[in-house]
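What follows is a set of notes on a single structure, which appears directly below.
Only heavy atoms go into these numbers, but all of them, side chains included; no hydrogens, no water, no symmetry mates. In what follows, chains carry the letters A, B, and so on, assigned in the order in which the sequence lines appear, proteins first and then strands, with residues in each chain numbered from 1.
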Protein chains: 2
Amino acid sequence: MDNTQQHIQLLINHINQDVSLDEYAINKLSSFLVFNELNKKEFLIKPGETANSMNFIVQGCMRSYYLDENAQEHTLQLGIEEWWINDLYSYLSRKQSRMYVQALEKTLLIQLPRLELEKLYIEVPEISHFFRIKIQNAYVAVQERVIDSMSDDAYERYDNFRKAYRDIEQRVPQYIIASYLGVTPEFLSYLRKKHS
Amino acid sequence: MDNTQQHIQLLINHINQDVSLDEYAINKLSSFLVFNELNKKEFLIKPGETANSMNFIVQGCMRSYYLDENAQEHTLQLGIEEWWINDLYSYLSRKQSRMYVQALEKTLLIQLPRLELEKLYIEVPEISHFFRIKIQNAYVAVQERVIDSMSDDAYERYDNFRKAYRDIEQRVPQYIIASYLGVTPEFLSYLRKKHS
DNA sequence: ACCGGTTCTTAAGATACCTTAAGTTTTTTC
DNA sequence: GAAAAAACTTAAGGTATCTTAAGAACCGGT
């Protein structure tokens, strides 16, 4: 089995955790996968572009963030191997993104273009079901983020972050974690010292 | 046309803004609508319960909120006539809610029970399409709320709130708006004075 | 192995927001 | 329409977080 086949198998196994794909479904799906390799700091999506694929991380680490009026970065989502990364808002609404989606390490993606994916939904209901679950989970995750961001003790938020992103914490710079938590890097540094 | 028919018409017209319902769809839909009248301060959903219907506000005003560890209220969503109100997280995931969904005025709802609605999805794809759009919009709204809650100038958040909820602002007490913005009622009062 | 850039820390002074408490206004109830 | 309850305001003192600035530690490339 070559590398490409291994990567596709990773995706299939991932999907099979939620639904059951038969031979036919796997072949159909495999036929339109697109591989995309990004270097560190390279962008998958920039403001003004429209997200038109679902993106599965085979290897590497990515984040989505946006810039506020003061050019401050706000990280919304992080992802590593076997996570999906996107601007789901842009993908679903087909409107222009206001986000950057960026590789934090050299990253290998499998992409599923929207138009072909939507055709596949009709032929393979399991795939439709799978992404319905994913979108539902994304909704839940954003809702939890709202709730979390309201608990205004920053250290508690940092603690929650570490629980939710256990495997990711060590892989991303702290200024990005700070921008995820909504505090300055200086203050995060202060908190870490205080609680150590 | 009696009151009940008028209320149903309001719902039909609302749905027809996004999709096109034919006679058959309207009849099917009408056959399982449930009316529910709530008094001021009465709860539609409480923590531990599971949301099992979509809820359309015919007349009145509602909100969803949760209590944090310090028993502080955090308002997540507000709604008036022709809005939908729910704990969508609980509805979609079929898990227990952690929310209160409460009437802020005497409120009349039309409810669409989940099980019957899902059967209808198969017979009437327009209805399925309509709720897909609604859930998509809900995702976008929550995402905007995350982004908004990161702009940490509270007056700016208040300003955004007033734009997003223009018709609602006058109808709900300010301590609820404060709990939506994540500030104390005292501080909101201070901000209002300062900027007036 | 070094150099230049990136990331992290420390600390002092400033500001936004909170807590408490009390008084005032508005709304609800009987 | 009076009494009770709920909501809003004001102000003083406290705390969390920010800003700025500077130095320290940790890279990544040649």
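Note: Leu76(B) CG to Leu88(B) CG = 12.0 Å, rounded to the nearest 0.5 Å. Between atom CD of residue Gln59(A) and atom CD of residue Glu82(A) there is a gap of 10.0 Å, rounded to the nearest 0.5 Å. Expressed to the nearest 0.5 Å, how far CD of Glu116(B) lies from CG of Leu29(B) amounts to 10.5 Å. With rounding to the nearest 0.5 Å, the separation of CG in Leu38(A) from CE in Met62(A) is 5.0 Å. Taken from CZ in Arg63(A) to OG in Ser179(A), the straight-line distance is 5.5 Å, to the nearest 0.5 Å.
Closest approach of Lys95(B) to Ser90(B), counting heavy atoms only: O-OG, 2.7 Å.
Ring pair Trp84(B)/His14(B) is tilted by interplanar angle, where 30° to 60° counts as tilted. Aromatic ring pairs are classed by plane angle as parallel below 30°, tilted from 30° to 60° and perpendicular above 60°; the pair Tyr165(A) and Tyr180(A) is perpendicular.
By the salt bridge (Lys or Arg N to Asp or Glu O under 4.0 Å) test, Glu37(B) is found to be paired with no residue, residues two or more places apart in sequence or in another chain being considered.
Around CD of Glu23(B), the count of heavy atoms belonging to other residues, nucleotides or ligands within 6.0 Å does not exceed 12. Applying the 6.0 Å contact sphere to OH of Tyr190(A) captures no more than 12 heavy atoms from other residues, nucleotides or ligands.
In this structure, Ser53(B) contributes its side chain and Asn55(B) its backbone to no donor-acceptor pair below 3.5 Å. The closest donor-acceptor contact from the side chain of Asn70(B) to the backbone of Gln72(B) lies at 3.5 Å or more, if one exists at all.
Within residues 170-180 of chain A, the residues having any heavy atom closer than 4.0 Å to DNA chain C are, in order of number, Pro173(A), Gln174(A), Tyr175(A). Sorted by residue number, the members of residues 182-196 of chain B with any non-hydrogen atom under 4.0 Å from DNA chain C read Gly182(B), Val183(B), Thr184(B), Glu186(B), Phe187(B). For DNA chain C, none of the residues of residues 66-77 of chain B falls under the heavy-atom distance limit of 4.0 Å.
For the helix from dA1(C)-dT30(D) to dC30(C)-dG1(D), the terminal axes (five pairs an end, C1' atoms, rotation from four pairs onto the next four) enclose an angle of 60°, given to 10 degrees.
In this structure, the side chains of Val34(A) and Pro113(A) come closer than 4.5 Å at one or more pairs of heavy atoms.
Glu169(B) and Lys163(B) are not joined by a salt bridge, as no carboxylate oxygen comes within less than 4.0 angstrom of a charged side-chain nitrogen.
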Sequence-aligned protein contact record of nucleotides 23-30 of chain C, with B where the base is within under 4.0 Å of a protein heavy atom and S where only the sugar-phosphate is: -----S--
